[in-house]
There are 2 protein chains.
Amino acid sequence: MSAMTATAAAPSTPSPALAPKGERTRQSILDRAVDLASLEGLQGLTIGRLAEELGMSKSGLFAHFGSKEELQIATIEAASQRYITEIFTEALRQPRGYPRLQAICDSWLSYIRRSVFPGGCFFAAASFEFDSRPGPVRDRVRQMMDDWMHALERSIRMAKDEGHLKDDVDPAQLAFELNSLFFGANFAFYLRDDQQAIERAERAVLTRLQALKK
Amino acid sequence: MSAMTATAAAPSTPSPALAPKGERTRQSILDRAVDLASLEGLQGLTIGRLAEELGMSKSGLFAHFGSKEELQIATIEAASQRYITEIFTEALRQPRGYPRLQAICDSWLSYIRRSVFPGGCFFAAASFEFDSRPGPVRDRVRQMMDDWMHALERSIRMAKDEGHLKDDVDPAQLAFELNSLFFGANFAFYLRDDQQAIERAERAVLTRLQALKK
DNA sequence: CCTACCGATCGGTAGG
DNA sequence: CCTACCGATCGGTAGG
């Protein structure tokens, strides 16, 4: 069962002061690791640099993970939590069907505009960084993106079930198109500094959804 | 004047045997560098690894460029030539307007299906890798992607001028949408191993273009 | 284009 | 969680 099928994202990112201190340290390392990786890449993330930024020794930090690969995977896990919280928490308050689907799209573009990850969407970057690097890190990124696409497809299917979208809408096809527009917005916003990136994506999403409305 | 405004791409990639041998060596280094960078990233490209693959010394290879940054920029230049050749050479044989725009879209998706760069589109990967890493490498990637988007917009404008697309089509908006679908196809094809990625993108492109046809 | 280097940093370990 | 290391590799240089 994937994280994204949970009813809501447990916001475990800001560890409560009650948590064991080892757990709190680990979470503060991962929060920083996520931001750093979004800026420099998941491979560009180095233990030395991360330790320096946190004011601790390399080996002290290293002891929490055991290998760079484990650190990368734990970083992906922490980024997933932030992603799910940002994209779904608000949207799940909307009624299922068209309103919720629309809310997911709005959340996604807002998540880019607000730079939830300082270097742009962690998973868009990780997807393009690891798509041709076989191994456990790629597998984890792929699993996460499969979960995300399935969650998006599910929200489209619900909109069909509620009678909000036409019966001949192909959920996988529409999910592909919406996700493409999201990644395209990330590209235009972060690389091209296109101030109209978000509105262009909004317009394209709206045009597409309106055309499929029942 | 950007490379992409040239009437056709001079295929200087396979250096003729006539070229000075220094030039030939340089080109063979860059051909390999482009492939390696598409697999491991432009930052993951290392002089030692590249030299080893080519059976030459690090310093011998290094002498051609002077710094890693210069190697990265020369690699981007070499990748641009391959990109322009693949996307535009065939398409420029089509009559301007709708047929040529359609041909550019077909070329792009064929370029993904055929893995022209072994690790997927060099520029999609470089865009997400460098969007938050200021410096000359990012500047060169951005310039190349600005050129590409402008070339795509120009082909849309031509289709309007020929009376093939509706007068109210916004070239920058449509270019944004098409490019998003191309990058989305790259994502689905290389990370998700989605065998339907190309046809989904084809379908989305066709649906969008048909809706804007005059 | 080579050999022979340089200091810095990488991931990782020993031992506490 | 630390100090003190390890071998390997990084980008880069000297000198030919």
Side-chain angles (χ1 to χ4, degrees), chain A residues 15 17 19-34 36-37 39-78 126 129-130 133-138 140, chain B residues 15 17 19-34 36-37 39-78 126 129-130 133-138 140:
Chain A
S15 282
K21 69 170 172 249
E23 200 48 51
R24 259 156 45 213
T25 305
R26 188 187 147 96
Q27 193 58 52
S28 74
I29 292 169
L30 289 175
D31 284 341
R32 194 77 73 125
V34 164
L36 235 172
L39 291 164
E40 321 250 356
L42 210 33
Q43 197 59 37
L45 181 66
T46 71
I47 296 162
R49 168 105 191 261
L50 188 54
E52 188 192 15
E53 289 210 4
L54 289 158
M56 65 189 291
S57 70
K58 260 175 58 177
S59 64
L61 188 154
F62 193 82
H64 284 274
F65 305 98
S67 72
K68 175 167 181 177
E69 195 170 275
E70 286 302 321
L71 169 63
Q72 290 174 312
I73 286 171
T75 301
I76 293 167
E77 229 66 48
E129 185 179 6
F130 276 89
R133 293 185 165 209
V137 176
R138 189 206 124 113
R140 194 63 196 81
Chain B
S15 282
K21 67 171 173 245
E23 199 48 50
R24 260 155 44 212
T25 304
R26 188 187 147 95
Q27 192 58 51
S28 72
I29 293 170
L30 289 175
D31 284 341
R32 194 78 74 126
V34 164
L36 235 173
L39 290 163
E40 321 251 356
L42 209 35
Q43 197 60 35
L45 180 67
T46 71
I47 296 162
R49 167 106 192 260
L50 187 54
E52 188 191 13
E53 288 210 5
L54 289 158
M56 65 190 290
S57 70
K58 261 175 57 178
S59 65
L61 188 154
F62 193 82
H64 284 273
F65 305 98
S67 72
K68 175 166 181 176
E69 194 170 276
E70 286 301 322
L71 168 64
Q72 290 173 313
I73 286 171
T75 301
I76 293 167
E77 229 66 48
E129 185 179 6
F130 276 90
R133 294 183 166 209
V137 175
R138 188 206 124 113
R140 193 62 196 82

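Order of the sequence lines fixes the chain letters, A, B, ..., with proteins taken first and strands second; residue numbering starts at 1 for each chain. Side chains are part of it too, since the values below use all heavy atoms of this structure and drop only hydrogens, waters and symmetry mates.
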Undergrad: Using a 3.5 Å limit for the pairing distances, which stems of at least 3 consecutive Watson-Crick or G-U wobble pairs does DNA chain C take part in?
TA: C:1-16 with D:1-16
Undergrad: Going by side chain to side chain contact (heavy atoms under 4.5 Å, CB included), name the residues that satisfy it together with Q72(B), two or more places apart in sequence or in a different chain.
TA: L42(B), Q43(B), K68(B), E69(B), F130(B), V137(B)
Undergrad: So, taking the atom named CZ in R140(A) and the one named CD1 in I76(A), what distance separates them when rounded to the nearest 0.5 Å?
TA: 7.0 Å
Undergrad: Who are the side chain to side chain contact (heavy atoms under 4.5 Å, CB included) partners of F65(B), not counting sequence neighbours?
TA: R26(B), I29(B), L30(B), L61(B), E70(B), L71(B), A74(B)
Undergrad: Taking only nitrogen or oxygen atoms into account, show me every contact under 3.5 Å that the protein makes with nucleotides 12-16 of chain D, one pair per line with its distance.
TA:
{"residue": "dG12(D)", "atom": "OP2", "partner": "K68(B)", "partner atom": "N", "Å": "2.5"}

Undergrad: Within the structure, does a side-chain N or O atom of T46(A) lie under 4.0 Å from either OP1 or OP2 of dC10(C)?
TA: yes
Undergrad: Please report the distance, rounded to the nearest Å, between CE in M56(A) and P in dT3(D).
TA: 11 Å
Undergrad: Starting from C1' on dT9(C), measure out to CD on Q43(B) and report it in whole angstrom.
TA: 14 Å
Undergrad: Could you give the distance from CZ (R138(B)) to CD (E129(B)), rounded to the nearest 0.5 Å?
TA: 13.0 Å
Undergrad: Within this structure, what is the CG-OG1 distance for the pair D31(B) and T75(B), rounded to the nearest 0.5 Å?
TA: 10.0 Å
Undergrad: Within this structure, what is the CG-to-C1' distance between L50(A) and dT9(C), rounded to whole angstrom?
TA: 15 Å
Undergrad: Nearest whole Å is fine: how far is dT9(C) P from L45(A) CG?
TA: 17 Å
Undergrad: With sequence neighbours excluded, give me every salt bridge (Lys or Arg N to Asp or Glu O under 4.0 Å) pair touching residues 42-61 of chain B.
TA: R32(B)-E53(B), E40(B)-R49(B), R49(B)-E53(B)
Undergrad: What is the separation between atom NE2 on H64(A) and atom P on dG11(C), rounded to the nearest whole Å?
TA: 17 Å
Undergrad: Check every strand shown and say whether L71(A) touches a base, only sugar-phosphate, or nothing at a heavy-atom separation below 4.0 Å.
TA: nothing
Undergrad: Whole angstroms only, please: what is the CD-C1' distance between E40(A) and dC10(C)?
TA: 15 Å
Undergrad: So which atom in P136(A) and which in I73(A) form the shortest heavy-atom distance, rounded to 0.1 Å?
TA: CB-CD1, 3.9 Å
Undergrad: Give the rounded distance in Å between these two atoms: CD of E23(A) and C1' of dC1(D).
TA: 16 Å
Undergrad: Distance from L50(B) atom CG to I47(B) atom CD1, nearest 0.5 Å?
TA: 8.5 Å
